Amino acid sequence: MTAARAAGYARFACGPLAFRLRPRVVATCVGLACAIGAGALVALSSGSLPIPAAQVLAALVRAQVPAEVAQVIWDIRLPRVLLAMLAGAMLGLAGAAMQALTRNSLADPGLIGVKEGASVAVLALILAVPAAGVGLRPVAGMAGGLAVALAVAGLARDLSGVRFVLVGIGMSWLLSAALLVFITTADINDVETALVWLAGSLHAASWPLLPAPAAWGAAGAVLLLATARGADAALLGDPVATGLGVRLKALSAARLAAPVLMTAAAVSAVGSLGFVGLMAPHMARFAVGGGQSALLVASALVGAAMVLAADTVGRLLFAPLQIPAGIVMTVAGVPLFLFLLWRRRDQL
Amino acid sequence: MTVAASPAARRPRLRPLRLGRVAGMLGLVALLLALALAHLGVGARPVAPWTVVEALLAFDPDSFDHNVVVSLRLLRCLAGLAAGAALGLCGALVQSVTRNPLGEPHVLGLNAGAALAVVSALTFAPALERILPGLSGPAARPFLAALGAGAVFGLVVATARAGRGGLTPLKVTLCGVAFSAFAAALTSAQLILDDQTLAAVRLWLAGDLSGQSYAALQMALPPLLFGLTLALLLSGRLNALALGEDVARGLGVDLARTRFAALAAAALLCGAAVSLAGPIGFVGLVVPHAVRGMAGRDMRLVLPLSAVAGAALVLAADLAARTLFAPRELATGAMTALVGVPVFLLLAARSRR
């Protein structure tokens with residue numbers, strides 16, 4: 001108890017239910033959530049039709065607003081903002097879980113070819129079965145992403161080594177070449193629909209695109225949060241974790257499958273958005289420190305904020321032309337990545 | 001020890017060649033010739049090999065087949081030969097200087113840098129024309145591509161050198177991936193904002209040998225030949241460098257100058273290749289490994305053979321790209337990646353650290 005209090009935990013009890021939280025972490029997360037809310041408000045109000053914030057809020061609660069305003073908010077901007085936050089949260093969660101699992105702060109499902117695997121599978125679906133609904137895409141994408149993750153894990157034979165990252169990079173190159181073959185052989189109309197989606201853009205966001213990733217994201221988040229304590233114990237080393245009663249094999253399987261499936265589902269919805277899964281956990285660690293559950297929640301929030309910001313910037317910077325969020329994210333993410341590399345330069 | 005005393009033996013002598021190795025090298029050259037003949041003969045109108053030889057040696061302006069070979073196909077074949085030789089040589093140089101088996105123009109971001117420079121020159125053409133007329137035209141493309149490749153390459157090497165381990169494969173690869181992604185993002189942002197530039201370079205960006213002109217080939221030749229000469233002149237010093245820094249210094253090799261010259265040659269070669277064939281990847285990764293398996297580690301053999309093998313690989317990839325899904329054409333760069341990445345995966349899976 002005293003040790004817990006020294007680590008900054010406070011006990012909250014409500015009858016028989018009791019839990020410990022770190023107030024500083026809770027405050028940080030609430031602050032992040034507020035920032036995301038403010039960002040969402042900015043994103044909803046700006047665009048080719050500027051809408052004052054008061055009117056945005058009125059439209060959101062279905063109060064009396066001009067029909068045009070209600071339509072822009074509800075049919076165009078709200079699904080886009082929600083999808084951006086959802087995809088960002090999923091990618092952030094996936095990155096945090098993957099970095100803990102591989103004990104490698106550069107690991108990210110996006111870096112090891114999961115994005116490309118999902119893209120190949122979704123593209124195959126789009127091209128082979130054009131009649132298939134949007135709802136099927138996450139299923140195909142998750143199958144592809146999982147297959148790639150298993151192949152990389154099998155080739156590298158060991159999740160924590162440097163080999164894992166190198167093999168993953170090679171695998172993503174191989175699949176991008178396969179994508180290139182697809183693009184150069186397929187019918188030009190198919191290629192155009194596919195390219196829009198591949199660029200990592202949110203401009204196709206609509207309400208039907210939301211439920212599937214949301215369901216998978218929620219399932220993955222529950223799985224990750226439920227295994228967070230086991231993951232904390234696993235970081236102490238395999239013998240200690242086994243002694244503490246952690247079933248390591250089951251834990252690794254769950255914590256590899258969840259981030260891979262979440263990344264693939266996010267990619268299936270919005271295309272390849274790089275660097276979120278890599279950067280969000282690092283920024284979250286900076287904000288809340290260690291501890292899996294806190295880190296997961298904070299990573300999800302940071303990821304949501306990053307994608308929302310990237311999409312809004314890409315949408316407004318060169319308006320009326322739109323820069324896909326994936327490009328904005330890469331331009332902003334690479335310097336941060338290099339900074340991380342620089343800090344770890346003696347260990348690589 | 002007695003040998004070391006005589007002045008003539010101060011430079012290491014070429015070791016006597018084993019018969020199998022000589023046969024392998026001759027086979028490589030024969031393979032290149034056969035591929036070139038097939039490349040010229042295969043297409044919508046098949047031309048028999050002897051007719052191809054006839055067209056090259058005794059051109060008959062009235063023969064339709066001869067015209068197909070010489071005026072339509074020869075240019076593409078020559079561009080593939082030049083680009084492939086440059087890429088193979090570039091890969092051998094980079095792997096030798098960084099002492100890193102995963103070193104490769106594509107991995108190190110040279111391709112992305114070259115593409116960024118060329119696309120930026122087209123986007124900012126009006127401003128560039130005011131500074132130096134002709135800088136945005138096709139004639140300046142090899143120069144710009146080499147400049148961009150060199151700049152990104154320099155950044156990658158400088159960043160990856162930081163820290164205790166020096167240029168470890170992981171650091172080189174991660175820095176290359178990061179800078180490539182950065183350059184590629186800037187390139188695609190420009191292409192999204194500017195339709196005209198996209199239309200001008202779309203084919204070229206996919207890594208493609210079609211749509212060549214003799215003017216482009218002529219423009220690419222000076223940097224290519226200069227890089228080639230520089231590389232061959234450096235081969236002895238690169239041999240010394242392979243023995244380790246202390247030994248090389250003891251043999252009187254200026255390390256910094258040798259490295260700089262070799263990297264400059266690599267950037268020139270890569271720039272020439274990219275200006276001809278677009279950003280074709282992974283040739284430089286595969287070729288030096290295959291050549292070392294055949295000819296050993298002597299750079300005086302590895303460098304010229306890498307050029308031959310690189311040319312053969314690009315011609316084979318282009319042949320496959322043209323024929324596999326005929327009448328549709330795949331991008332040549334996609335074919336070389338499909339060959340090259342499994343090799344990268346094999347090397348990565350075998351690496352210890």
Side-chain angles (χ1 to χ4, degrees), chain A residues 106 111 151-152 154-157 161-187 199-201 274-275 278 314 317-318 321-324 326-338 340-348, chain B residues 102 106-107 155 159-165 168-189 192-194 206-208 281-282 321 324-325 328-353:
Chain A
L106 294 174
L111 201 63
V152 170
L155 267 176
R157 292 190 299 279
V162 154
R163 230 177 8 208
F164 185 65
V165 177
L166 282 179
V167 170
I169 290 173
M171 192 61 90
S172 66
W173 279 333
L174 184 64
L175 291 164
S176 346
L179 279 178
L180 209 54
V181 174
F182 260 132
I183 289 170
T184 41
T185 47
D187 185 72
S201 161
F275 290 98
L278 192 71
L317 198 57
F318 292 98
L321 291 166
Q322 297 195 357
I323 307 276
I327 289 179
V328 178
M329 194 64 85
T330 308
V331 171
V334 166
L336 279 167
F337 178 74
L338 290 171
L340 288 179
L341 211 75
W342 179 261
R343 289 212 343 206
R344 290 196 58 201
R345 62 190 181 277
D346 284 338
Q347 291 125 56
L348 292 174
Chain B
L102 296 179
H106 186 79
V107 176
L155 281 173
T159 322
R161 274 173 67 95
R164 225 173 284 143
T168 64
L170 182 72
K171 258 197 285 178
V172 166
T173 313
L174 286 174
C175 289
V177 168
F179 278 109
S180 288
F182 193 64
L186 290 181
T187 307
S188 33
I192 285 172
L193 292 175
D194 182 359
D208 186 71
F282 299 103
L324 275 186
F325 292 91
R328 278 185 188 151
E329 280 193 12
L330 302 179
T332 314
M335 298 311 297
T336 56
L338 288 179
V339 179
V341 178
V343 176
F344 179 89
L345 281 175
L346 192 75
L347 293 170
R350 275 202 318 205
S351 72
R352 283 235 179 77
R353 268 217 52 162

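All values reported here derive from a predicted model rather than from experimental measurement. By convention in this document, chain letters (A, B, ...) are assigned in the order of the sequence lines, proteins followed by strands, and residues within each chain are numbered from 1. The figures that follow rest on heavy atoms only: side chains count, while hydrogens, waters and symmetry mates do not.
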- Set of ring pair (Phe, Tyr, Trp, His ring centres under 6.0 Å) partners for Phe179(B), sequence neighbours left out: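 So Phe179(B) forms no ring pair (Phe, Tyr, Trp, His ring centres under 6.0 Å) with any residue.
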- Task: Name the option with the most non-hydrogen atom pairs under 4.5 Å to chain B; the candidates are Ile169(A), Leu155(A), Val152(A), Leu174(A).
- Result: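 Max contact count across the listed options: Leu174(A).
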- Query: Are any of the side-chain heavy atoms of Phe182(B) and Val331(A) separated by less than 4.5 Å?
  - Reply: yes
- How long is the gap from CE on Met335(B) to CZ on Phe282(B), to the nearest 0.5 Å? 14.0 Å
- Portion of Phe344(B) that has a non-hydrogen atom of chain A nearer than 4.5 angstrom: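 Answer is side chain: those atoms of Phe344(B) sit under 4.5 Å from chain A.
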- Item | Which portion of Leu338(A) sits near chain B, non-hydrogen atoms under 4.5 angstrom |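 When you check distances to chain B, only side chain atoms of Leu338(A) fall under 4.5 Å.
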- Provide the closest heavy-atom pair for Ile327(A) versus Ala185(B) in the form atom of the first, atom of the second, distance.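 Result for this residue pair: CG2-O, 3.5 Å.
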